[in-house]
Amino acid sequence: LVAALRDGGRVGIRADVVTMAEELLSPYDGFPRDYFQERLADFHSQLSTSSDAPPIDGFCFPGYQAACLVRVLHMEATVTAIRAAGDRDEADKYESMIETNSQYCSSLFGKEAALDFLSSTGW
């Protein structure tokens, strides 16, 4: 989706969705990576046991994933607008934040997580 935005595509994100995503993410911004890896393991465990029980601490891993995606897409839309306005320095600052957030999300939620889940199940 970020690549589509960079190629001139448009992904509309309502302001209230961005606000909700930031409200969900901001309390977790300083948490260590291990916290999210533990929650990912809990989520995979729930999937493999078909448990309907909510997580003990109320953390919703798919909701966190969705909020991370909204954050990255919103940042990309922002940098696209800033670049169009001609402020290259400000755009470069956002590019760095997008890169950091995108890499974090892909490492935590991407191929490695999927392979870990698949290797721990009978699928």
Side-chain angles (χ1 to χ4, degrees):
L1 292 172
V2 170
L5 280 169
R6 289 186 178 161
D7 288 337
R10 180 160 159 66
V11 176
I13 301 176
R14 295 183 351 222
D16 60 329
V17 174
V18 172
T19 300
M20 286 188 293
E22 285 302 325
E23 287 173 355
L24 190 149
L25 292 173
S26 60
Y28 297 102
D29 279 343
F31 279 52
R33 185 182 192 94
D34 291 348
Y35 175 84
F36 300 105
Q37 289 173 332
E38 289 169 9
R39 295 310 168 274
L40 173 63
D42 291 346
F43 178 64
H44 285 174
S45 176
Q46 268 190 306
L47 288 176
S48 64
T49 61
S50 300
S51 171
D52 290 336
I56 293 169
D57 64 357
F59 184 86
C60 175
F61 195 78
Y64 184 80
Q65 286 179 296
C68 285
L69 178 62
V70 168
R71 178 184 270 176
V72 168
L73 292 175
H74 176 67
M75 283 185 202
E76 184 61 36
T78 301
V79 79
T80 300
I82 290 170
R83 197 172 299 285
D87 190 345
R88 184 156 183 78
D89 291 336
E90 186 71 11
D92 289 345
K93 182 175 77 171
Y94 271 93
E95 287 282 341
S96 174
M97 291 185 337
I98 292 168
E99 186 70 25
T100 300
N101 277 276
S102 296
Q103 286 180 358
Y104 176 72
C105 288
S106 68
S107 70
L108 191 59
F109 311 134
K111 180 177 76 171
E112 293 83 6
L115 292 177
D116 287 347
F117 172 66
L118 290 174
S119 68
S120 68
T121 67
W123 293 7

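These numbers come from a predicted model, not from an experiment. Sequence positions, counted from 1, serve as the residue numbers for this chain.
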Minimum-distance pair of heavy atoms, taken over all atoms of Ala67 and Leu25: O-CD1, 3.4 Å
Sequence neighbours excluded, every pair satisfying salt bridge (charged side-chain N to carboxylate O under 4.0 Å, His left out) that has a member inside residues 60-69: none
Approximate separation, where rounding is to 0.5 Å, of Tyr28 OH and Arg39 CZ: 8.5 Å
Tyr64 and Phe36 aromatic ring geometry - parallel, tilted or perpendicular at 30°/60° bounds: parallel
With a 3.5 Å cut-off and sequence neighbours excluded, list the donor-acceptor pairs that the side chains of residues 85-93 form with protein atoms.
unit_1	atom_1	unit_2	atom_2	d
Asp87	OD1	Glu90	N	3.2
Glu90	OE2	Lys93	NZ	3.3

Residues forming a side-chain hydrogen bond (donor to acceptor under 3.5 Å, both in side chains) with Tyr35, sequence neighbours excluded: Asp57
Contacts of type side chain to side chain contact (heavy atoms under 4.5 Å, CB included), residue Thr19, not counting sequence neighbours: Glu23
Rounded distance [0.5 Å steps], CD in Glu76 versus OG1 in Thr80: 4.5 Å
Straight-line distance of Arg71 CZ to Ser26 OG, nearest 0.5 Å: 7.5 Å
Side-chain touch Arg83/Glu95, heavy atoms, less than 4.5 angstrom: yes
Minimum side-chain heavy-atom gap Phe61-Asp42 below 4.5 Å: no
Exercise: identify the closest heavy-atom pair between Val18 and Val70: CA-CG1, 3.9 Å
From Glu22 atom CD to Asp29 atom CG, the distance as rounded to the nearest 0.5 Å: 7.0 Å
Euclidean distance, His74 NE2 relative to Leu69 CG, rounded to 0.5 Å: 13.0 Å
Set of residues satisfying salt bridge (Lys or Arg N to Asp or Glu O under 4.0 Å) with respect to Asp34, sequence neighbours excluded: none
Side chain to side chain contact (heavy atoms under 4.5 Å, CB included) against Asp16, all qualifying residues, sequence neighbours excluded: Arg14
